[in-house]
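Notes for the one structure printed next.
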Amino acid sequence: MDCNEHEDRSSRESIRPRRLLSPDLYRLPALQAAPLLLGQHLVRRTEDGEIRCRIVETESYGGIEDKGSHAFGGRRTARTEVMFSSGGTIYIYLIYGMYHCLNVVTAGEGDPHAVLIRAVEPLTPGDAAQMSAYRGIAYRNPSGLSGGPGKLCRALRIDKSLNGRRLDVPGSPLWLEQGDPVESLDIVQAPRINIPYAEEYTQLPWRFYLRNNPYVSVKDKLEQPFNLR
DNA sequence: CTAATGATGCACT
DNA sequence: GTGCATCATTAGC
């Protein structure tokens, strides 16, 4: 791998050489990618500047056999089409008529996998301030700001205009950078939220979040530690 | 604290 | 027409 970080003194604003997320992660099945996305940095660029936050809660929606997935059975429609593109693509859909949900497409082209980003944590007070402004609320508590897929999209001003774009392009509207490593013991594994229609897939522990992180949307009753296989 | 409810628009049978 | 991978608000402990 060519991992040279050239200190390119660009005349534009200085982009500190941060490492992009390893492209290997995008090629994994969603179930493997979901826990690995915890702790990674999500960067949103708008006309107002950049917002940086850390992913603290994810859910796996992987493969055509997952009854909880929009692409169950290989359903290929206008909405699900981007799920079939290669890993690293952004999948965004509108839910309940008023909220957007952000997903990271993973695995290979033609194999529909996605990881729902359910909660993020602003990296700095400045990031939190901009997110509060986009939410149109005064900051009260962490999970109230960006704990939940709809809330985080509002807080980062994410909508369907980003659908189909890539996450591996720094300086684009939205991209991912490598965060600090996360200890496996700090990861909780729990059933996914609000998919009663998924039958035998409803209770599978395909949600992952950082233990004791206040930005997480819903704490599970039994906080089972994440088990590596 | 928990539970119920309405908002709201679009994808899809 | 039906049903959402949600959230804020309200009502009831």
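To find a chain, count down the sequence lines: A is the first, B the second, and so on, and within it residues start at 1.
At a threshold of 4.0 angstrom between heavy atoms, the contacts of A/Ala198 with the nucleic acid are absent. If you check every strand for non-hydrogen atoms under 4.0 Å, A/Leu116 touches a base. Contact annotation for A/Gly148: backbone-only contact, meaning every heavy-atom pair under 4.0 Å involves sugar-phosphate atoms and none involves a base. Residue A/Arg207 is classed as having no contact, given no heavy-atom separation below 4.0 Å to the nucleic acid. Counting non-hydrogen atoms under 4.0 angstrom, A/Gly97 reaches a base of the nucleic acid.
Between the side chains of A/Glu223 and A/Tyr209, at least one donor N or O lies within less than 3.5 Å of an accepting N or O. Inspection of the A/Thr80 and A/Tyr93 side chains reveals no N or O donor paired with an N or O acceptor under 3.5 Å.
Not less than 6.0 angstrom separates the ring centroid of A/His113 from the ring centroid of A/Tyr61.
Whole-Å rounding puts the A/Tyr99 OH to C/dC4 P distance at 18 Å. Protein atom CZ of A/Arg79 is 10 Å distant from nucleotide atom C1' of C/dG3, rounded to whole Å. One interatomic measurement links the two molecules: CG of A/Asp159 to P of B/dC10, which rounds to 13 Å at whole-angstrom precision. Remark: C1' of C/dA8 and CG of A/Leu145 are 15 Å apart, rounded to the nearest angstrom. In this structure, CZ of A/Phe72 is placed 17 Å from C1' of C/dC4, rounded to the nearest angstrom. A straight line from NZ of A/Lys160 to P of C/dA5 spans 14 Å, rounded to a whole angstrom. The CG-C1' distance, from A/Leu94 to C/dC7, rounds to 13 Å in whole Å. Rounding to whole angstrom units, CD of residue A/Glu81 and P of B/dA11 are separated by 14 Å.
Atom CD of A/Glu200 is surrounded by more than 12 heavy atoms from other residues, nucleotides or ligands within 6.0 Å.
Base pairing analysis places C/dA5 opposite nothing; no Watson-Crick or G-U wobble pair with both distances below 3.5 Å involves it. Using the Watson-Crick or G-U wobble rule with both distances under 3.5 Å, B/dT8 pairs with nothing in any strand shown.
Under the salt bridge (charged side-chain N to carboxylate O under 4.0 Å, His left out) test applied with A/Glu57, the options A/Arg118, A/Lys219, A/Arg211 reduce to a single match, A/Arg118.
At a cut-off of 3.5 angstrom, counting only N and O atoms as typed in the model, there is a donor on one side and an acceptor on the other between the side-chain of A/Tyr93 and the base of C/dA5.
A close approach under 4.0 Å does not occur between any side-chain nitrogen or oxygen of A/Asn194 and OP1 or OP2 of C/dA5. Distances shorter than 4.0 Å separate some side-chain N or O of A/His70 from OP1 or OP2 on C/dA5.
Using a 4.5 Å heavy-atom threshold, the side chains of A/Arg45 and A/Trp175 count as touching.
Residue A/Asn103 places its side chain closer to C/dA5 than to any other of C/dA8, B/dC12, C/dA5. Among the nucleotides C/dT6, B/dC12, C/dC4, the one closest to the side chain of A/Thr77 is B/dC12. The A/Arg75 side chain lies nearest to B/dC12 when the options are C/dA5, B/dC12, C/dA8.
Remark: ring of A/Tyr61 overlaps the six-membered base ring of C/dA5 in a stacked fashion, centroids less than 5.5 Å apart, planes less than 30° apart.
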